[in-house]
Each structure stands twice: as structure tokens, then as C-alpha cells.
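We count residues from 1, following the sequence as given. Just so it is clear, the values below take in all heavy atoms, side chains as well, and ignore hydrogens, waters and symmetry mates. The structure displayed is predicted, hence computed values, not measured ones.
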Amino acid sequence: MRLLAAVDLGEEFQDVVETARFLQGALGMPAELLHVVPTSYLEALARRFPELAPSLEATLGSVEGKVREALAETGLKGQVFRGFPAQVVAGEALKSRLVLVGQRGVGALEVLARGGLARYLLHRGEVPVLLLPRAMKAVRRIAVGLDDSPASLSAFRVAEAWGRAMGAEVFGLHLVSGEGGCCFPTYLDPRGLALAEVLERARGHLEALLKATGVVEVSKGEDELDLLRLAEARGADLLVLGSKARSTWRHRLGRMVEALLTQSHLPLLVVPEAAVW
């Protein structure tokens with residue numbers, strides 16, 4: 001199985017290519033670049049003005065040729081398709097083990113990555129998606145956002161597999177908030193308990209679920225960005241979160257993924273609940 005890097009030719013292009021090269025070696029699987037030429041507008045013009053069809057087709061052919069040249073210069077295998085980017089990438093994702101999407105720039109695909117494309121891929125829940133606000137050239141520490149859901153436990157298992165492949169340390173981070181906060185601990189009743197006892201019980205609960213000790217840090221936090229701040233403070237190179245495999249489309253991603261989807265300064269790997277690495 002391959003890892004698929006969906007690329008535009010904007011400013012995030014090099015970041016995605018460098019990350020694809022790194023992961024190709026680190027994870028031991030071939031990387032392939034994919035560029036989609038959006039054609040709906042030109043196709044509509046050709047239907048409305050048939051006399052323009054030959055020149056529009058020639059223009060598209062020229063664009064595809066230039067894009068293929070740019071992809072070939074990276075040294076990675078590349079494909080160029082026409083169509084609606086979200087649908088094409090999602091279709092190709094079914095033949096992939098991982099999808100990479102850049103999130104730094106303001107080009108067409110970057111804008112989609114902050115909204116339509118990434119959300120479309122994530123809500124389908126068929127393959128892990130790695131969102132890249134910057135290039136990922138080395139991974140020494142992998143942080144996993146944990147709760148007691150099957151989705152986050154699956155994310156931890158995938159992170160463990162990545163850690164073994166890369167020789168990276170993997171650790172879990174869990175937030176505990178008060179009622180009304182992002183992360184009220186429904187798996188225990190914190191009322192009447194001192195904060196230190198709540199944190200210790202939460203850590204014990206999660207380590208029992210993970211069947212691993214000494215890998216979970218529990219901290220007080222009231223909003224989702226506290227998890228990002230904690231991961232950055234602990235020197236994480238990558239943040240991993242789980243998404244639900246079967247739920248309503250509004251809640252499949254969870255509050256944490258929704259909040260960090262466009263705000264994470266770290267590369268963010270979102271793992272569907274059913275994913276196995």
C-alpha cells in the first residue's frame with residue numbers, strides 16, 4: 001500500500017513533498033503525489049460555447065503537461081487527474097494507507113484543506129489523514145490526544161506502530177476540565193475529589209485501557225487548544241487524534257479534531273476508529 005500526497009503547486013508544495021520523502025523511508029512504503037486539475041468551470045464553458053471546446057482542451061492538456069513535469073522533478077511518482085478535487089482524492093485514498101494534505105498556503109488546495117477537502121476525507125473515515133502546516137522531516141516524539149473512546153485507543157495503537165518504525169517516543173496526553181469545559185471526565189465522578197486525585201485516577205483509568213503504564217500525562221485544561229499547547233510544551237513533533245468510525249456526520253470528528261483541524265501548528269494525524277496499521 002502507498003502513502004498518497006495530495007498536492008497543489010502553491011507554497012505548501014515543497015512541505016508536502018519533503019514529508020512524503022521522509023515518510024516513504026521512515027514507514028517503508030512508496031509515496032505517490034496526486035494533483036487534481038479542477039475542470040468543472042472549463043467543462044461548463046465548453047458545453048455552453050462548443051466552439052471553444054478545442055482550445056479549452058488544448059489548454060488543459062498544456063496545464064497537465066506542465067504539472068507532470070513539476071511532479072517528475074521531485075523524484076517521486078506522480079499522477080495528474082481532472083475533476084473535483086475532494087472526490088478524486090477520496091477515490092484514490094481508498095487505494096492508499098495514508099493521505100497527506102498541506103495546510104500552510106492560500107492556493108486552491110490549501111484552502112480546501114482547511115475546509116472542504118480535509119473535512120470530506122475525515123468524515124468519510126476510510127484512511128488516516130496527515131495535515132501538514134509545515135514539513136515533517138524527523139519525528140522523535142509523538143503525542144496522542146486521549147480520552148476513553150475506542151477512537152483514541154486506535155489512534156494510540158497507530159502512533160505506537162509509527163513510533164516503532166521511526167524509533168520515536170510515543171506518549172498520551174489527556175485533559176481534565178470542570179463541568180462545561182472541553183474534557184469533563186465522564187468515566188469518574190470528580191465532585192468531592194481533590195484535583196490531584198482526579199488526575200491520578202484519570203491516568204490510571206487510561207493506562208488500564210491502553211494496557212501500558214508510564215505513557216499517559218493527565219493535565220487540567222478547559223479548552224481544546226490546551227492539548228495543543230501541552231503537546232508543544234512536551235516537544236512533540238506530531239500530534240495524533242482519533243475520529244469515530246460510525247456516528248452522525250456532525251459529531252464524527254469530535255470537538256478536539258474540529259478545534260485543531262485548522263489551528264494546529266504541529267502536523268496533525270487523524271486516525272479513523274477502525275484503522276489498523
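Glu232 has no carboxylate O lying under 4.0 Å from a charged side-chain N of Arg229, or vice versa, which leaves the two without a salt bridge. Using a cutoff of 4.0 Å between basic side-chain nitrogens and carboxylate oxygens, Arg119 and Glu258 are scored as salt-bridged. With salt bridges taken as basic N to acidic carboxylate O contacts below 4.0 Å, none links Glu12 and Arg134. Using a 4.0 Å cut-off between charged side-chain N and carboxylate O, Arg203 and Glu200 make a salt bridge.
Considering only heavy atoms from C-beta on, Phe13 comes within 4.5 Å of Leu71 through its side chain. Considering only heavy atoms from C-beta on, Glu43 stays 4.5 Å or farther from Leu60 through its side chain. The shortest distance between side-chain heavy atoms of Phe81 and Thr39 does not fall below 4.5 Å. Between Leu269 and Pro128 the shortest side-chain heavy-atom distance falls below 4.5 Å. Leu122 has its side chain within reach of Leu261: a pair of non-hydrogen atoms, C-beta onward, lies under 4.5 Å apart. With contacts defined as side-chain heavy-atom distances shorter than 4.5 Å, the pair Leu100/Leu4 does not qualify.
Within the structure, the ring-ring contact (aromatic ring centres under 6.0 Å, His included) test picks out the following pairs touching residues 194-226 (sequence neighbours left out): Tyr187-His205. Each salt bridge (charged side-chain N to carboxylate O under 4.0 Å, His left out) pair with one or both residues in residues 165-177, not counting sequence neighbours, appears once here: Arg141-Glu169.
Residue Leu130 forms a side chain to side chain contact (heavy atoms under 4.5 Å, CB included) with just one option from Leu268, Val101, Leu238, and that option is Leu238.
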Would you please test Leu33 and Gln79 for side-chain contact (heavy atoms from CB on, under 4.5 Å) and show each step? CA-CA 6 Å; Leu33 306 180; Gln79 292 192 80; over 6 Å; no
Residues Glu92, Arg2; criterion salt bridge (charged side-chain N to carboxylate O under 4.0 Å, His left out); working and verdict: CA-CA 10 Å; Glu92 290 298 305; Arg2 66 181 177 179; 2.8 Å; yes
Might you work through the side-chain contact (heavy atoms from CB on, under 4.5 Å) test for Val158 and Val240, ending with a clear yes or no? CA-CA 9 Å; Val158 171; Val240 183; 5.7 Å; no
Could you walk me through whether Leu227 and Leu173 pass the side-chain contact (heavy atoms from CB on, under 4.5 Å) test, one step at a time? CA-CA 7 Å; Leu227 181 70; Leu173 298 176; 3.7 Å; yes
One pair to check against side-chain contact (heavy atoms from CB on, under 4.5 Å): Phe156 and Leu209. What are the steps and the verdict? CA-CA 11 Å; Phe156 190 83; Leu209 289 175; over 6 Å; no
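Hydrophobic clustering keeps Val127 apart from Leu94 (ILVMFWY residues linked when any side-chain heavy atoms are closer than 4.5 Å, directly or through intermediates).
A distance-only check finds no donor-acceptor pair linking the side chain of His35 to the backbone of Val80 [under 3.5 Å].
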